[in-house]
Amino acid sequence: MASKNTITKEMFDNEVRSYISKSDSLTMIEKAYQYATEKHAHQFRKSGEPYFIHSLNVAYILAQLKVGPKTICAGLLHDCIEDCGITLEDLIREFDSEVATIVDSVSKIKNLKFDDEKEYLASNHRKIFIAMAKDIRVILVKLVDRLHNMRTLEYQSVEKQVKISKETLEVYAPIAHRLGISEIKNELEDLCFMYLDRDMYKEITALVEKKKNEREARIQQTIKEIGDLLAQNNIKFRIFGRSKHFYSIYKKMTQKNKRFEEILDLQAIRIVTESELNCYEVLGYIHANYRPIPGRLKDYIAVPKVNMYQSLHTTIVGTDGDIYEIQIRTESMDDIAEQGIAAHWRYKEGKNYNAKIEQKEIEERLSWFRDMSVMTEDMSDNNAREYMDVLQKDLFEANVYVMTPKGRVIDLPNGATPIDFAYRIHTDVGHSTIGALVNGSIVPLNTPLKTGDVVQIRTNKNNPTPSEDWLKIVKTNHAKNKIRSFFLKKEQDRRSEYVGKGEQLLKEELIKHKLDEAQYLEKEKLESVYGSFSVTNYQDLMYAIATKGLSAQAVVEKLSNKRNIFDLTRLFSNPNKKPKKPESNVGVKVPGIDSMMLSLANCCSPIPGDEIVGYVTKGAGVKVHRKDCPNVLHERTRLIDVYWDELSLDTKKFESKLMVFGNDRSYLLSDLITMVAQCQAGLVAVDSKVDNDTLTAITSLTITVNDSEHLRNVIANLRKVNSVTSVERVAS
Ligand code: MN
């Protein structure tokens, strides 16, 4: 890309005219040029240059990328709304709504703040992605804007240099990478590297320079050798050496903990040839004449990277004993390798341009982009931090590439499982997953996927039920969030069912007392009694009635003001209506907290010996969970320390839920129950079913035990029962 700050109107015009010749397009660009010059007149940058120089540079770089005329106009105008008091309406009137909308969206992506306000930061990132998911041109303009700002960053304060560089490295360089625009990505990374770690930057650039001089003659010799070899075989080609960019060397040194001297492939040799077939031919000649290093051959032609990159890579030992990485590709692959999306969707005059169609094509071609659009829609209600976590981890850190049976490439982070894959395909596929085939073989759902795996998901669409255990094995935040919200929704459904039941009971009670429903169920009337029953809202009141914690009769009496000496005792007087857990009998204590407010969580059913933690609920006291319970694992603010109350434990029994998996056989169930009894555990509930596909019997047992040691003993003995394959403690 052109160097900084020296762009003239003439250079810009030449660049534009190299691929745009329609007069209405040129007129519009000229108008935008004049408009922006006028609006930015009397404004100056920190460098002392007229402000408009920046706008012109941005438009010039965009023209080098050969974007459409409207995008060039948007580049010229990109700072007008923000800096010149121009409005969206002004731009619509002067130009058109497309140009205006791009400029408006670019303006809305403000510089991000880099301090403690993580949430603020995240919500800003999110804005960028939402704008980008809607229209790729917005991000192109923004990227190029950032590139020029980075090129001229020397005029800013050191503090600002660091701030902007960090943000660029964290947000913009990954976007450029994802869009395949490696030219811009590499330049951004090297500039950031320079501002963020000047000493290291100097050291590495000096080392590279020195090494290059040392090796230059030898690499030229190898290039000549390979060139002769190809020429003898009548292949048309270009061949040249390419240095790695500094930041990638730095990353290799820090991430792989290598010394500079240990990085062997500082320079790659690139061969650009005519056809795909030529690429494989070239590879054949090279492997026939040089010793390839095993495991380094990569065929990105057959399986392109998710950012569309295509090339053959191999590493060989040269006749001089040096190691060389060889990249082999066609001209168009080389274009896409350098400019990615910009190369692929280069503006072509005469072809009817339609932004919507282009956006759709991009989504089809860049599968991650479509995934991102889907996630952006899906997660519009979630908080910004979560959204960014998903993008950062699931998309930017992805480096395992697997395929659907139809050949669609899906990228996932390291360690991702078939469940992550299933949720990436579709939320419904995720929820209804019952098994997975990798490369044709059935595998356990926690199998880590490897690049090149072909993954097929088996589903049961009739009864989509994810397992909460999946939370422990999935790697992507996307899958995690989907599983969690499934259970959250289930819990909400269950609760609203109870609320409805509570309403029903209360109405029946009112009728029994010949009281007018409408009058007594009025909001204010009800609110006046919340305090008497330690609830804070309507839902909690109805829930308490439905779950028998509270009698409808007591509520009706309170509502009708029948002061009754039995009022209080009646609350819990009916044997059917007493609360599940009598106070102080939970077996857990918290210094300074009334034990009545404590109860054991039903989801994970903690038992003595488990590590536990208290979750402060809204209105239902403190729920005691296992520390590893998925429901509290990511909770930060509502947790308190709680302890088992050793003194009260002696005679108490605790409920625990187990899942027993085994090959189905006669008497399996009765053997399991006998074993529970032999272990002196109580049996509360049993449920058993057989998966007819795999002939696996799945038995869920709810038992009572003294403590975790007792439970371990029961589990160990159940595992010994003939044909049992696994026993798991459930947290659901
Ligand atoms: Mn700008």
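Whatever order the structure lists them in is the order used to number ligands and atoms, beginning at 1. Along the sequence shown, the residues carry numbers beginning at 1.
Each salt bridge (charged side-chain N to carboxylate O under 4.0 Å, His left out) pair with one or both residues in residues 194-203, not counting sequence neighbours, would appear here, but there are none. Evaluation of the salt bridge (charged side-chain N to carboxylate O under 4.0 Å, His left out) test over residues 7-31, restricted to residues two or more places apart or in two chains, returns Lys9-Asp13, Lys9-Glu30, Lys31-Glu94. Counting only residues at least two apart or in different chains, ring pair (Phe, Tyr, Trp, His ring centres under 6.0 Å) contacts with residues 70-109 comprise Tyr35-Phe95, His54-His78.
Under a 3.5 Å cut-off, the side chain of Glu349 and the backbone N or O of Ser21 do form a donor-acceptor pair.
Annotation: side chain of Tyr201 is not in contact with side chain of Leu196 (no heavy-atom distance under 4.5 Å).
Ring geometry for Tyr309 versus His313: interplanar angle over 60°, hence perpendicular rather than tilted (30 to 60°).
Within the protein, the number of N/O/S atoms found under 2.8 Å from the Mn ion (ligand 1) is 4.
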